[in-house]
Amino acid sequence: MITRRLLLGSSLVLLALPAPMVPAWADATDAARGLIVQLGKQLTDVANGPGSAEERRAALDKLVDAAVDVEAVARFCLGRFWRTATAEQQRDYVKLFRAVLMRNITGKAGEYKGVAMDVGKAQPRESDVAVSSVVSRPGNAPNKVDWIVGTASGAPRIIDVVAEGTSLRLTQRSDYSAFLASHNNDVQALIEAMKAQAAAPG
Amino acid sequence: MRPSFRPLLLTLALLASAALAGCATPPPADDPDAIAEFKENNDPLEPTNRFFYQVNDALDTVLLKPLAIGYRGLLPAPLLTGVHNALSNLGAPVVLANDVMQGKPQRAGHTLTRFVINSTIGVGGLIDVATDLGWPGHDADFGMTLAVWGVPDGVFLFLPVLGPSNPRDAVGFGVDTFGLDPWGWVGKGVTVSDLRLTRTGVSAVDTRAGFLDDLDKLKAQALDPYATIRSLSRQFRAGKIEDARGDVTGTAVKKSP
């Protein structure tokens with residue numbers, strides 16, 4: 001029990017530190033892999049550690065915020081409609097995108113019990129870095145998950161997750177663009193729909 | 001003609017007639033972004049596809065999903081795994097034939113080794129011993145073989161009963177089911193066709209039970225589930241084909257230290 005508490009404690013200390021904990025001389029590939037190794041350790045510690053569902057959710061929230069470039073993902077998912085949105089709509093949209101993303105991730109917090117992540121190679125992909133990993137949960141076949149890490153914001157942050165060949169942000173973008181196509185390309189309609197999603201009971 | 005062909009023919013006829021009825025309208029020529037998106041979706045039959053998505057969804061709600069829930073709820077977990085393993089072991093000859101036609105020695109070797117180990121030590125395929133020994137499985141079908149040979153997928157199709165597909169993979173499915181599957185060649189008579197029907201039925205329920213939670217989640221989280229499924233199924237397929245091209249074998253289970 002003591003070791004578990006220690007583990008959670010130390011992971012919470014890590015949370016308080018800035019995300020890129022690699023020396024300046026390391027190149028982007030090493031930095032990206034370092035981010036994912038660290039995130040994997042923190043995620044499994046939170047998922048398998050003690051604490052109420054509520055505490056776990058709060059810890060996951062912080063982890064995601066530190067490791068994911070939420071605004072970059074949000075912009076990508078709105079695609080060509082980002083340009084046509086007003087400044088206010090852009091603000092509302094990013095806020096809601098974050099809320100829905102967090103809800104979708106942390107709503108599953110209970111399912112992560114026993115999860116293990118084995119980080120593999122990191123290699124450049126276009127202007128970003130792809131870090132491969134195998135994620136396994138008890139009773140499930142292991143999944144191949146690639147983490148796409150970008151450095152546009154200076155520090156390495158996750159900009160996409162590719163699970164078994166399916167990209168989270170590409171899939172999300174098709175969902176939004178199909179919704180917009182059937183709603184006169186009205187970004188406000190999307191914002192209203194996302195408000196409903198963010199408020200729905202999880 | 002074997003009776004099992006009839007539903008397929010009926011399905012194709014229905015699809016053809018419906019396909020003629022509904023085509024998507026391309027966006028105006030002065031909107032290049034919208035045109036790029038239209039091309040990327042590659043879904044000119046979208047109204048028809050959406051219609052069949054609704055039909056399948058309704059069928060699923062009243063029939064397949066309740067069956068899958070019952071199946072998963074009533075049978076003990078080891079038995080569910082056993083049935084799943086046995087079904088995929090029965091599918092091994094088709095996987096092997098396609099691995100060979102794709103010219104992928106590593107994958108073919110894995111499939112053959114798996115089949116031998118699981119059919120013997122694995123008690124007729126009920127226990128997936130091979131995965132634990134370091135030979136994880138992978139998928140291979142004739143649609144993937146055609147892709148490896150250079151055949152493009154073509155437009156998006158949402159097929160009645162079968163779900164998301166495209167002309168290449170639909171042809172592939174026909175070749176796998178009626179041409180490559182050796183269990184379709186051996187034996188005849190009522191018992192054999194009953195066994196075949198049972199396998200098809202159990203296989204459908206087993207597959208559906210495998211993504212009960214995922215599909216519920218997808219439908220709850222997507223604003224347009226049809227478009228999300230279209231995107232996911234295409235990417236998933238492309239990933240599998242990429243693995244086949246590179247002769248990449250399945251994801252191994254990590255041994256606990």
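Quick note: numbers below take in every heavy atom, side chains included, and nothing from hydrogens, waters or symmetry partners. Chain letters run A, B, ... following the sequence lines, proteins first, then strands; residues in each count from 1. Keep in mind the model is a prediction, meaning the values are calculated, not measured.
Here the NZ atom belonging to B:K217 is positioned 9.5 Å from the CG atom belonging to A:N104, to the nearest 0.5 angstrom. Here OG1 of B:T228 is found 7.0 Å from CD of A:Q172. Values are rounded to the nearest 0.5 Å. Residue B:D224 holds its CG atom at 8.5 Å from OG of A:S177, rounded to the nearest 0.5 Å.
The contact between B:A34 and chain A is made by backbone and side chain atoms together, counting heavy-atom distances below 4.5 Å. When heavy atoms are compared at a cutoff of 4.5 Å, B:E242 does not approach chain A at all. Heavy-atom distances place the side chain of A:Q197, and not its backbone, under 4.5 Å from chain B.
Using a 4.5 Å heavy-atom threshold, the side chains of B:D243 and A:K144 count as touching. Looking at A:N143 and B:T251, their side chains never come closer than 4.5 Å, going by heavy atoms from C-beta outward.
Across every non-hydrogen atom of A:T171 and B:S231, the tightest pair is CA-OG, 3.6 Å. Contact detail for B:A227 and A:S174: the closest heavy-atom pair is CB-O, 3.9 Å. Heavy-atom minimum distance, B:L223 versus A:F179: CB-CD1, 3.8 Å.
B:E37 has a carboxylate O that lies under 4.0 Å from a charged side-chain N of A:R80, or vice versa, which qualifies the two as a salt bridge.
Looking only at distances, no side-chain donor or acceptor of A:D175 sits under 3.5 Å from a matching main-chain atom of B:A222. Listed for the B:Q235 side chain is a donor-acceptor partner under 3.5 Å among the backbone atoms of A:S167.
Surrounding NZ of B:K39 are at most 12 heavy atoms belonging to other residues, nucleotides or ligands under 6.0 Å away.
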